[in-house]
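One structure below.
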Amino acid sequence: MRWRPGKKGTKLDWQDRFKNTIRLGGKRGPDNNNKAENSTMALPCYDENLYLLNMKNEEEAKGSHVSSIVERLNATNPDTIPPISALKQLAVAVDSGKKFKSVKDILASSGASSPIMERASLSLAAVKSLMLRDKEDKLTSEFGNDEKLESLIKSLFDAEGNFLSRNMSLVLEPPLLPRDIHGAPPEGFLTKLSEVIGSFTTLRKMALFWCKIVTEIRRLWSEELYIPGIPLDEIPDLNSCRLYQQLQVVNSCVSRKKWRTLATQSIESVMRHAGSCSEESADLQGTVTSHHILYARISTGELVLRLGADRPADNLTMLETGEPVYSPITQEGPLLTEDLIKETEEFVLRTGSVGAGCSQLLSDMQAFKAANPGCILEDFVRWHSPPDWTEGEPSDEAQEYVDQVDSSSTRGQLSSRMQKEGNLWRELWETAKPVPAVKQAPLFDVDLAVEGILNDLEDIPPVELFEQLFISLLGLGFVMAEAKLSCNNDLLKIFLECKDYVVVTCQGKIWSDKMDDLCQVYETVETMLLNPEEVLKAARQMEETNTVGEPRRRLKMLGLSFGSKERNSRNPSKDEKNSEENSSRQPFSTFFDGKSSLFLKKPPRPESVSFGDKAAYQDENENDWTIV
């Protein structure tokens with residue numbers, strides 16, 4: 001009888017047990033009583049059903065969070081100042097954002113990795129690449145509720161809506177505080193954006209929402225639409241924050257782009273009509289024809305079309321032809337924010353280059369020639385730089401001509417610098433051709449400028465972003481509070497001391513290190529509006545306790561108290577000792593009996609607490625940061 005080997009079922013049995021081990025939910029098959037032959041084969045696995053359920057719950061939680069924010073912002077009372085909670089949240093974001101170089105770094109490093117990525121053993125670089133590649137999908141899914149998020153963004157960019165509008169009727173004069181602290185105008189897009197971003201509870205959501213805002217600004221630019229709440233066509237306000245200046249540049253570039261399109265169409269229309277008109281239909285003295293077309297007669301007697309002429313230049317006439325001089329439409333200069341102006345100045349000082357000035361001068365000369373056919377350099381100098389022209393008595397030969405044309409074209413002479421050999425103006429004049437400004441190559445490329453700004457906004461360092469939002473929201477609150485407290489002299493006196501402290505602090509180079517103190521001052525002002533009787537009562541008590549000894553001004557006390565605060569380094573025993581020594585000074589925090597601590601000493605905030613854990617820490621310390 002032939003021998004046969006035993007049944008080879010071991011491999012099949014092992015395969016069945018392994019399949020049962022990795023089944024969904026970790027459930028085993030019929031052999032669930034059998035253990036794996038090797039303990040190393042009982043590998044842990046991810047429950048995909050449980051993972052999807054958790055993801056669903058997270059999405060619902062995110063959606064409800066966005067809904068609550070939208071409802072709260074829509075219900076904002078226009079007579080109230082922005083809540084202290086939003087200001088504190090921005091302050092915490094500044095502190096938490098110091099570890100990141102750009103907003104994109106927050107998006108790349110703060111996202112929770114999924115079990116699928118872990119199972120595939122993806123490197124950190126690969127995860128970052130995937131996250132940045134799918135940024136648009138992440139921005140929407142992070143908040144959970146697409147409709148609510150889009151509604152919030154739409155309300156923020158609605159120029160005709162009343163979203164987060166504040167009652168500024170009591171503000172009779174343009175406020176100076178926002179300019180003093182380098183913030184933003186109180187009634188504008190940036191202050192509203194600051195309050196919205198300050199309503200989110202995590203640094204990641206703040207960064208995600210900011211990216212959505214930049215995406216929306218990019219869309220508006222591509223469609224030649226304006227950012228609401230920002231001036232339409234103004235040079236950047238160097239007294240405002242850099243972010244506000246950049247938004248001003250975007251709107252001004254939209255205006256310039258629209259103007260260039262219309263101007264190009266207009267001049268092309270003029271040239272078409274001029275081609276169909278005969279010389280007899282033109283006015284010989286350069287006035288407007290029925291088609292709004294201007295001509296000028298040159299020295300040969302020929303009529304030449306004026307292009308790009310704006311308006312007559314006072315009473316000037318051309319020296320050789322006697323025709324009226326017209327001011328041309330010229331190209332506008334570059335739109336530079338404060339940082340770009342500094343870079344330009346440093347470049348000029350380092351290289352001695354005046355290239356930008358030469359380009360502008362050459363452009364003006366070309367536009368002048370196009371608007372004034374038959375002109376000479378002297379005509380341009382009289383219009384562009386009057387101090388370089390000296391009027392003189394006409395010669396006998398020219399006197400008869402002057403009497404005939406009856407104009408201000410009296411012969412004179414150029415200044416000595418203009419008559420020097422190799423003068424730059426004369427060289428540029430010889431090379432300039434009659435080209436209207438709209439047909440010239442742009443001196444300032446609006447597309448390139450806006451694209452650079454949008455890229456900067458996408459890569460903006462978190463500290464720089466949240467600092468500017470913080471200071472803008474702080475300015476709005478103080479402007480509204482000053483108007484409301486101006487009717488009470490006692491409260492106004494206290495407020496002005498708080499305001500002076502804010503201005504002095506924000507004008508310093510390291511004001512961001514004192515954001516805790518700025519938040520407490522703001523909280524003090526908020527309490528003045530909510531409980532004015534309590535504040536006045538506490539003020540009177542403080543004045544009574546300070547009658548003995550040297551009188552102290554409140555502002556001096558403010559400076560001493562803020563200057564002595566170092567929450568992160570002092571220990572409780574030292575606090576108790578200081579409080580005992582200064583018990584007779586009646587610190588300013590007694591105004592509010594601990595409810596709105598302006599100077600109340602607080603336990604140090606743990607430096608190791610993460611951004612998300614600070615809300616839990618707040619529960620144990622009511623007088624510390626408020627995370628909403």
For Phe157, check ring-ring contact (aromatic ring centres under 6.0 Å, His included) against everything at least two apart and list the hits.
Phe189
Between Lys99 and Asp105, is there a side-chain N and carboxylate O pair less than 4.0 Å apart?
no
Those residues at least two apart in sequence (or on a different chain) that pass side-chain hydrogen bond (donor to acceptor under 3.5 Å, both in side chains) with Thr337 are Asp339
Output, in order, the C-alpha distance, side-chain angles, deciding distance and verdict of side-chain contact (heavy atoms from CB on, under 4.5 Å) for Ile329 and Trp259.
CA-CA 12 Å; Ile329 298 174; Trp259 173 85; 3.5 Å; yes
Just how far is it from atom CZ of Phe209 to atom CZ of Arg204, taken to the nearest 0.5 Å?
15.5 Å
Taken in chain and number order and not counting sequence neighbours, the residues that satisfy ring-ring contact (aromatic ring centres under 6.0 Å, His included) with Tyr244 are none
Counting heavy atoms not belonging to Lys514, are there more than 12 under 6.0 Å from its NZ?
no
List for me each residue that meets ring-ring contact (aromatic ring centres under 6.0 Å, His included) alongside Phe495, sequence neighbours excluded, and say none if there are none.
Phe478
Are any non-hydrogen side-chain atoms of Glu160 and Pro228 less than 4.5 angstrom apart?
no
Looking only at atom types and distance, does a side-chain atom of Ser252 sit under 3.5 Å from a main-chain N or O of Glu234, one as donor and one as acceptor?
yes
Glu216 side chain to Ile153 main-chain N or O, any donor-acceptor pair under 3.5 Å?
no
Please walk me through it: do Arg256 and Asp233 pass salt bridge (Lys or Arg N to Asp or Glu O under 4.0 Å)?
CA-CA 8 Å; Arg256 290 191 180 188; Asp233 192 10; 5.1 Å; no
With rounding to the nearest 0.5 Å, note down the distance linking OG in Ser102 to CG in Leu457.
12.5 Å
How far apart are the closest heavy atoms of Lys258 and Glu224, and which atoms are they?
CE-O, 3.0 Å
Heavy-atom donor-acceptor pair, Gln248 side chain to Pro231 backbone, under 3.5 Å
no
Between CD on residue Glu187 and CG on residue Leu476, distance to nearest 0.5 Å:
8.5 Å
Check against side-chain contact (heavy atoms from CB on, under 4.5 Å), Leu496 and Glu482
CA-CA 8 Å; Leu496 291 178; Glu482 183 172 10; 4.0 Å; yes
Is there side-chain contact between Lys88 and Gln520, with at least one heavy-atom pair below 4.5 Å?
no
Please find the pair of heavy atoms, one from Leu473 and one from Ser194, that lie closest to each other, and give the distance.
CB-CB, 4.0 Å
Sub-4.5 Å side-chain heavy-atom contact between Pro462 and Ile106:
yes
Under the criterion side-chain contact (heavy atoms from CB on, under 4.5 Å), I'd like the reasoning laid out for Leu243 against Gln246: C-alpha separation, chi angles, the key distance, then a yes or no.
CA-CA 5 Å; Leu243 183 56; Gln246 290 176 316; 4.0 Å; yes
Give, for atom CZ of Phe466 and atom CD of Glu464, the distance between the pair rounded to the nearest 0.5 Å.
11.5 Å
Chi angles and distances behind the side-chain contact (heavy atoms from CB on, under 4.5 Å) call for Asp158, Phe163:
CA-CA 8 Å; Asp158 185 6; Phe163 180 70; over 6 Å; no
What is the minimum heavy-atom distance between Ala481 and Leu529, and which atoms define it?
CB-CD1, 4.1 Å
Do Lys257 and Asp447 come close enough that some side-chain heavy atom pair is under 4.5 Å?
yes
Hey, can you pull the donor-acceptor pairs under 3.5 Å for the side chains in residues 504-513, sequence neighbours left out?
unit_1: Thr505; atom_1: OG1; unit_2: Tyr501; atom_2: O; d: 2.7
unit_1: Gln507; atom_1: NE2; unit_2: Asp180; atom_2: O; d: 3.2
unit_1: Ser512; atom_1: OG; unit_2: Glu467; atom_2: OE2; d: 3.2

Is Lys154 atom NZ crowded by more than 12 heavy atoms from other residues, nucleotides or ligands, each under 6.0 Å away?
no
Examine distances only and state if a side-chain atom of Gln468 and a backbone atom of Arg242 form a donor-acceptor pair shorter than 3.5 Å.
yes
Flag, side chain of Ser151 to backbone of Glu147, donor-acceptor distance under 3.5 Å:
no
Keeping Arg179 on the side-chain end and Ser240 on the backbone end, is there a donor-acceptor pair under 3.5 Å?
no
Do side-chain atoms of Thr191 reach the backbone of Pro186 as a donor and acceptor pair under 3.5 angstrom?
yes
Set out, in order, the CA-CA distance, both residues' side-chain angles and the distance that settles salt bridge (Lys or Arg N to Asp or Glu O under 4.0 Å) for Arg219 and Glu223, then state yes or no.
CA-CA 6 Å; Arg219 182 190 68 82; Glu223 298 177 7; 3.0 Å; yes
For Leu448, does its backbone N or O pair with a side-chain atom of Asp445 as donor and acceptor, under 3.5 Å?
yes
List the atom of Gln89, the atom of Thr202, and the distance in Å for their closest heavy-atom pair.
NE2-N, 4.3 Å
Any pair counted as side-chain hydrogen bond (donor to acceptor under 3.5 Å, both in side chains), so long as it reaches residues 73-83, sequence neighbours left out:
Asp79-Asn167
For Gln245 and Pro236 the tightest heavy-atom approach is CB-CB, 4.0 Å
Rounding to 0.5 Å, atoms CD1 (Ile341) and CD (Glu346) come to a distance of 12.0 Å
In Asn251, Ile227, Val254, the residue satisfying side chain to side chain contact (heavy atoms under 4.5 Å, CB included) with Trp221 is Val254
Can you tell if the side chain of Ile453 reaches within under 4.5 Å of the side chain of Cys253, non-hydrogen atoms only?
no
Is the shortest side-chain heavy-atom distance between Leu156 and Ile213 below 4.5 Å?
yes
I need the minimum non-hydrogen distance between Glu458 and Arg218, along with the two atoms involved.
OE2-NH2, 3.2 Å
Does any non-hydrogen side-chain atom of Leu190 lie less than 4.5 Å from one of Leu193?
yes
If you round to the nearest 0.5 Å, how far is OG of Ser472 from NE2 of His182?
10.0 Å
Report, as yes or no, whether the 6.0 Å neighbourhood of atom NZ on Lys98 holds more than 12 heavy atoms from other residues, nucleotides or ligands.
yes
Should we count CG of Leu492 as having more than 12 external heavy atoms under 6.0 Å?
yes
Lys537 NZ: over 12 foreign heavy atoms closer than 6.0 Å
no
Can you check whether Leu87 reaches Phe470 side chain to side chain, under 4.5 Å on heavy atoms?
yes
